[in-house]
Amino acid sequence: MKHRGPSREFFFKLSRLLFNPHYGLFQYSNSNTYTIEISPFASQIEDSLQWFKFAGRVIGFAIIQGYLLDVFFAPHVYKALLNRPFSMNDIEAIDVSFYNSLVYLQENDPEDLQLTFSVEEETPEKVVEVELKKGGSKIPVTKKNRKEYVKLMVNWRLSRGVQEQMEALIASLRELIPLKYLSPFDARELEWVIAGTPEINLDDWKANTVYCGGYSAQHKVITWFWKAVEYYSNEQQLRLLQFVTGTSSIPFGGFKVLGGGHCFTIQMLRGNPDMLPIAHTCFCRLDLPCYNSPEDLRAKLTLAIEECEDFALN
């Protein structure tokens with residue numbers, strides 16, 4: 001599409017459904033965060049591998065097109081996509097208790113715990129013993145080999161029950177984007193590429209906004225507009241951003257690359273000053289009436305962003 005606002009919003013809303021933990025393919029990685037990881041029970045969903053292949057293609061196509069997705073993975077998921085090794089920090093981000101147990105093991109004599117290179121793993125049917133290495137159930141953990149044990153435990157904890165699903169997602173992503181094109185990124189940078197950042201820099205937003213139709217940066221209505229935006233919470237600012245652009249995240253590179261060629265634009269909407277603002281996600285443009293007071297502007301703008309779900313078709 002020449003003007004990709006509807007496509008951008010479609011992918012954003014599709015990702016909101018596809019990666020929603022309530023549907024069982026993914027789960028929240030930590031009760032204190034909104035990052036997600038593959039659910040170890042996803043295999044119970046019919047055609048789950050096909051769904052993960054589809055998820056990989058959605059991620060790949062979105063990266064190619066420069067669309068942002070409404071998903072924030074746990075750090076170890078990005079590392080898996082980049083074929084990078086896991087670390088203790090990845091465990092700490094999702095399971096503090098498990099992390100603390102590994103730290104304890106590193107700092108104390110493991111022989112008192114009578115551990116072996118095996119672990120019990122819960123499956124939908126039963127609890128099974130999994131060997132961390134060949135013959136691991138007969139290999140005791142000692143001071144000499146505990147580093148290897150910790151490394152294997154980290155890999156097990158971050159891939160238990162989801163390896164087949166992760167491989168399906170990665171394989172379909174690789175079909176669109178070979179690893180060599182993603183390898184320059186680290187995990188944090190890949191997160192920015194896929195999902196952007198939900199933290200808004202107002203100075204950057206203002207600096208990369210274009211005015212037309214009679215408005216300028218000095219116009220009183222524009223001054224009122226930015227005052228209203230400053231008053232908003234971060235969540236309301238993101239709602240405004242999604243209302244106008246179709247996405248509620250900021251891409252890697254900031255607002256100057258937000259619209260894929262279209263700057264955030266505010267155009268004067270002439271006529272009845274009681275009208276609601278109108279958004280054109282195709283052009284990242286907000287048609288803003290010339291309101292009579294800052295109170296009117298904030299009330300109408302707030303109503304628009306909180307009640308209007310879909311992109312404008314006019």
Side-chain angles (χ1 to χ4, degrees), residues 6-65 67-84 86 90-91 93-95 98 118-132 154-179 182 187 190-191 193-195 242 246-249 309-310:
S7 296
R8 185 168 55 245
E9 184 166 9
F10 170 78
F11 268 83
F12 192 80
K13 291 188 173 182
L14 170 63
S15 66
R16 180 173 291 173
L17 294 173
L18 179 60
F19 299 105
N20 189 328
H22 295 297
Y23 296 120
L25 294 174
F26 297 86
Q27 66 179 15
Y28 290 116
S29 59
N30 187 311
S31 60
N32 297 321
T33 71
Y34 285 97
T35 60
I36 64 168
E37 61 183 348
I38 295 176
S39 169
F41 300 106
S43 60
Q44 301 303 298
I45 296 176
E46 186 177 1
D47 296 325
S48 67
L49 293 183
Q50 295 302 316
W51 280 108
F52 283 103
K53 289 178 181 179
F54 177 63
R57 291 191 180 98
V58 168
I59 294 172
F61 189 82
I63 292 175
I64 291 170
Q65 295 296 323
Y67 299 152
L68 295 178
L69 301 179
D70 189 14
V71 56
F72 288 91
F73 293 116
H76 70 276
V77 177
Y78 296 110
K79 285 189 173 182
L81 297 180
L82 294 168
N83 197 29
R84 303 282 172 82
F86 299 138
D90 300 323
I91 292 290
I94 66 169
D95 192 334
F98 194 87
S118 64
V119 64
E120 289 187 345
E121 183 174 303
E122 182 181 356
T123 70
E125 296 82 17
K126 59 182 179 178
V127 175
V128 297
E129 183 181 38
V130 176
E131 292 188 331
L132 300 175
V154 167
N155 289 336
W156 169 80
R157 172 61 182 83
L158 296 177
S159 61
R160 63 180 181 184
V162 303
Q163 190 164 355
E164 192 175 10
Q165 288 72 27
M166 179 60 78
E167 288 175 354
L169 189 154
I170 291 174
S172 62
L173 172 62
R174 295 278 184 273
E175 291 175 2
L176 295 178
I177 308 177
L179 178 60
L182 294 178
L190 184 59
E191 178 184 56
V193 170
I194 293 174
Q242 182 173 12
T247 180
S248 61
S249 292
E309 273 290 321
D310 297 318

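All of these numbers come straight from a predicted model, not from anything done at the bench.
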**Report entry** Atom pair CZ (Phe12) and CG (Leu17), whose distance is rounded to the nearest 0.5 Å
**Finding:** 11.5 Å
Report summary line: Closest non-hydrogen atoms of Pro21 and Gln27, given as atom of the first, atom of the second and distance, are CB-CA, 4.0 Å
Requested in this report: Answer whether the closest heavy-atom distance between the side chains of Ile59 and Phe73 falls below 4.5 Å.
Outcome: yes
Requested in this report: Just jot down the side-chain contact (heavy atoms from CB on, under 4.5 Å) partners of Arg57, sequence neighbours excluded, or say none.
Outcome: Lys53, Ser172, Glu175, Leu176
Query raised in the report: Nearest heavy-atom pair of Leu68 and Val193: which atoms, and what distance?
Result: CD2-O, 3.8 Å
Query raised in the report: Which residue pairs pass the side-chain hydrogen bond (donor to acceptor under 3.5 Å, both in side chains) test with at least one member in residues 70-82, sequence neighbours excluded?
Result: Arg16-Asp70, Glu37-His76, Lys79-Ser87, Lys79-Asp90
Report summary line: Those residues at least two apart in sequence (or on a different chain) that pass salt bridge (charged side-chain N to carboxylate O under 4.0 Å, His left out) with Arg174 are none
Query - Audit row: Ile94, Arg157, side-chain contact (heavy atoms from CB on, under 4.5 Å) steps and yes/no - result: CA-CA 10 Å; Ile94 66 169; Arg157 172 61 182 83; 3.8 Å; yes
Query raised in the report: Which value, rounded to the nearest 0.5 Å, describes the distance between Ile194 atom CD1 and Leu173 atom CG?
Result: 7.5 Å
Query raised in the report: Between CG of Leu82 and CG of Leu179, what distance do you get to the nearest 0.5 Å?
Result: 7.0 Å
Report summary line: Those residues at least two apart in sequence (or on a different chain) that pass side-chain contact (heavy atoms from CB on, under 4.5 Å) with Glu164 are Leu49
Query - ring-ring contact (aromatic ring centres under 6.0 Å, His included) partners for Phe61, two or more places apart - result: Phe11
Query - Donor-acceptor contact present, side-chain Asn30 to main-chain Thr35, <3.5 Å - result: no
Query raised in the report: Sequence neighbours excluded, which residues qualify as side-chain hydrogen bond (donor to acceptor under 3.5 Å, both in side chains) partners of Asn155?
Result: none
Query - Student check: side-chain heavy atoms of Val58 and Leu69 closer than 4.5 Å - result: yes
Report task. Working to the nearest 0.5 Å, report the span between CZ of Phe72 and CD1 of Ile36. Result -> 10.5 Å
Query raised in the report: Can you name the side-chain contact (heavy atoms from CB on, under 4.5 Å) partners of Ile45, sequence neighbours left out?
Result: Leu25, Ser48
Requested in this report: Just jot down the salt bridge (charged side-chain N to carboxylate O under 4.0 Å, His left out) partners of Arg84, sequence neighbours excluded, or say none.
Outcome: none
Query - Separation of Ile64 CD1 from Ile177 CD1 (nearest 0.5 Å) - result: 4.5 Å
Query raised in the report: With sequence neighbours left out, what residues match Ala55 under side-chain contact (heavy atoms from CB on, under 4.5 Å)?
Result: Leu18, Phe19, Leu169
Query raised in the report: Once you round to the nearest 0.5 Å, how far does NE2 of His22 lie from OH of Tyr28?
Result: 4.5 Å
Report summary line: Those residues at least two apart in sequence (or on a different chain) that pass ring-ring contact (aromatic ring centres under 6.0 Å, His included) with Phe52 are Phe26
Query - Min side-chain heavy-atom separation Ile38-Val77 under 4.5 Å - result: no
Report summary line: Those residues at least two apart in sequence (or on a different chain) that pass side-chain hydrogen bond (donor to acceptor under 3.5 Å, both in side chains) with Glu121 are Trp156
